[in-house]
Amino acid sequence: MEKQKQKLLKNTILMSGSVCLILSVLLILNGFQLFIHNPLPKQSLNELAIRLNEFNNPALLSEVRNLDVLAHKAFLCSTDQIKVCTFLLLLGGLIFAVAWYKRGSINSFLLKKWIVRTGILVFMIAFYSSFMSAGYFEMYSSERYMLKSAEFIEDGKIHGQKNAHANTVATVYLPEENVPVDSLVNSNNFKAEMLSLPLRDSFESEVNLVEINASGESESSVTEIEQIINNHNCFRGPWGNGISYHKNIPVDWDGTTGKNLLWKTEISKHGYNSPVIWEEKLFISGADAETREVYCFDINSGTLLWTKKAEQIPGSPEKAPKVDENTGLAASSVTTNGRSVFAIFGTGDVIALDMNGKRIWARNIGVPELPYGYASSLVTWADKLFVQFDTNSGAKLMALDTESGKTKWETLRNIKQPSWSSPVLANIGGILQIVLAVNPSVAGYEAETGKELWEVDCMAGEVTPSVAIGDNQVFAAMEYAQIVAIDPTSQSVIWEDNTYLPEIASPVVSDGLLVVATTYGDLACYDSQTGTIKWETYYDDSFYSSPVIAENKIYAMGTSGVMYILELNPELNEIGTPELGEACYSTPAFSQNRIYIRGNSFLYCFGK
């Protein structure tokens with residue numbers, strides 16, 4: 001027994017020592033490389049900016065922006081690698097130290113004291129190199145965009161502008177078109193707000209509350225519109241468009257100290273979906289490999305009113321499909337029409353419950369064949385539940401009957417890669433449409449029949465962000481592709497840009513401004529009509545949650561749990577950065593002067 005113990009300790013010492021040696025050499029070489037060669041093209045960016053100012057050549061703009069994006073990605077990648085290597089080095093060193101302390105009478109050349117001392121010296125040099133390398137990249141992070149561009153474009157000449165870091169930005173702003181101020185809509189007017197609703201034909205200047213669209217919707221539809229406005233019935237709010245119409249939402253809270261915290265409730269099962277609200281009830285879902293569940297909470301107290309399992313569903317797989325841990329089996333947000341609640345899981349199970357948790361119907365629409373798992377959220381209108389169902393074996397848009405679950409129609413789509421984006425409802429040209437983004441196109445489908453009405457090829461990659469609709473345009477964006485502003489009537493691209501591209505978070509547009517959040521910590525505001533960047537700022541955070549606009553404010557939740565609140569304004573104005581106290585990947589919901597946020601472990605309600 002003692003011999004086995006000694007052998008185990010010896011092997012542990014040798015293996016941990018070898019790992020530490022390899023990691024130490026890598027970290028030392030990395031530090032040496034940084035000392036000899038500067039891998040970040042800051043000087044190149046400076047030189048390009050100087051050339052822009054000297055020659056007034058806007059054609060260089062794309063080159064500057066692309067180089068800057070690559071530099072920032074290199075920064076993120078390098079810092080992550082250094083952190084991982086350092087952590088493994090410390091872990092290996094700890095294991096080595098414990099095994100060495102308990103080595104007893106082990107006798108080996110590799111365990112001689114001078115060998116160990118040399119190893120400790122290498123370990124210390126590597127740790128110092130890691131610290132210096134991280135410091136170098138941190139220095140670059142704080143100096144991001146610090147270029148020598150001094151003025152900003154006016155009358156066709158190239159100039160510069162300060163950003164949140166008080167450094168000069170390399171990004172060059174193209175001159176805006178002349179837009180008369182009196183053409184802008186006053187967002188405080190209820191009628192003007194109705195213009196921005198996706199179910200309104202926002203291409204028209206006058207709207208009658210009863211005449212919703214050309215397809216003959218009546219007074220009952222007006223009532224449904226008003227109910228949806230007063231609630232938060234799906235992912236990103238009414239019709240999935242990222243706009244909330246609630247007022248007096250708090251801008252200051254702290255989930256740790258309890259500041260403005262009305263209640264906090266633990267969630268049974270994990271899920272990346274976002275809260276959905278109808279009147280006094282809040283709905284989310286959760287899942288693991290064994291069980292999928294829908295939860296209903298009281299919005300005033302946080303009390304769990306009921307839980308319903310999605311089980312015994314015909315066609316449901318006996319074993320849950322393998323999914324990425326960053327997706328899980330409950331990534332899709334539920335939706336409600338005030339009479340029923342609908343949920344979909346990564347198994348392909350769809351379930352409809354009444355507002356008290358009683359099962360109405362359930363069916364399996366097919367097990368999603370996807371590399372990461374299923375994540376598209378649901379949206380409903382009138383008697384239809386709309387499901388975007390892209391898999392490796394095919395893609396389709398479905399409309400299910402809200403009362404029976406039967407398929408009303410389904411439209412097959414030609415795609416290059418599956419999409420994880422969610423459907424958005426919009427009234428375009430007097431026709432209620434479902435708008436979807438996927439590789440390679442953005443398209444609109446008639447809600448009543450599923451017929452494809454228009455399509456514009458402009459996307460690439462594995463599209464995750466949903467579209468934004470407003471200001472007479474449809475906006476789509478994806479990392480490794482571009483941001484595009486589309487005129488669906490003419491099926492043409494109005495403008496495009498590739499400066500700030502979201503990987504997961506969906507864009508949002510209102511009052512002539514388009515807001516984009518990236519996984520690299522960028523938050524940018526575009527002029528929705530011209531594509532001109534109005535402002536940009538950088539946070540040491542990542543945005544997976546989609547920004548939402550409420551009461552002329554941008555609410556953008558970082559994965560760290562910090563909410564970045566900014567004024568929806570052509571000029572950068574930060575209002576606050578309240579903290580949740582835990583990581584967060586969901587999009588907030590709003591109701592009755594309150595904000596509801598789902599963290600990794602708890603559900604929060606903040607208000608006054």
*For Phe602, is the NZ or CZ atom of Lys264 found under 6.0 angstrom from the centre of its six-membered ring and inside 45 degrees of the ring axis?*
yes
Grab the two heavy atoms, one from [X] and one from [Y], that are nearest each other, plus how far apart they are.
| X | Y | result |
| --- | --- | --- |
| Pro418 | Leu370 | CB-CD2, 3.5 Å |
| Val509 | Gly470 | CG1-N, 3.8 Å |
| Asn593 | Lys247 | OD1-O, 2.9 Å |

According to the salt bridge (charged side-chain N to carboxylate O under 4.0 Å, His left out) rule, which pairs have a member within [range], sequence neighbours left out?
| range | answer |
| --- | --- |
| residues 265-289 | Lys269-Asp288 |
| residues 363-383 | Asp383-Lys408 |
| residues 591-602 | none |

Roughly how far, to the nearest 0.5 Å, is the [atom2] atom of [Y] from the [atom1] atom of [X]?
| X | Y | atom1 | atom2 | result |
| --- | --- | --- | --- | --- |
| Asn414 | Glu452 | CG | CD | 8.5 Å |
| Ile494 | Asp471 | CD1 | CG | 10.0 Å |
| Thr307 | Leu304 | OG1 | CG | 4.0 Å |
| Met478 | Ser419 | CE | OG | 9.0 Å |

For [X], which residues count as a side-chain contact (heavy atoms from CB on, under 4.5 Å) partner, sequence neighbours excluded?
| X | value |
| --- | --- |
| Lys553 | Val251, Glu551, Tyr555, Ile565, Ile575 |
| Val323 | Leu329 |
| Ser422 | Phe235, Ser376, Ser377, Ser466 |
| Gln417 | Asn439, Glu462 |

*Applying the side chain to side chain contact (heavy atoms under 4.5 Å, CB included) test to Val474, which of Val456, Asp487, Val484, Val442 qualifies?*
Val442
*Does Tyr526 have its ring centroid less than 6.0 Å away from the ring centroid of Phe475?*
no
*Taking only residues two or more places apart in sequence or in another chain, which ones pass side-chain hydrogen bond (donor to acceptor under 3.5 Å, both in side chains) with Asp324?*
Asn326
_The criterion is side-chain hydrogen bond (donor to acceptor under 3.5 Å, both in side chains); which residues satisfy it with Ser285, sequence neighbours excluded?_
Asn273
*Any Lys/Arg nitrogen of Asp390 or Arg413 sitting under 4.0 Å from an Asp/Glu carboxylate oxygen of the other?*
yes
_Less than 4.0 angstrom from a charged side-chain N to a carboxylate O is my criterion; do Glu410 and Lys396 meet it?_
yes
*Listed once per pair and sorted, the ring-ring contact (aromatic ring centres under 6.0 Å, His included) pairs that draw on residues 417-451, sequence neighbours left out*: Tyr372-Trp420
*With sequence neighbours left out, what residues match Asp349 under salt bridge (charged side-chain N to carboxylate O under 4.0 Å, His left out)?*
none
*Identify, with sequence neighbours excluded, every residue that meets salt bridge (charged side-chain N to carboxylate O under 4.0 Å, His left out) alongside Lys308.*
none
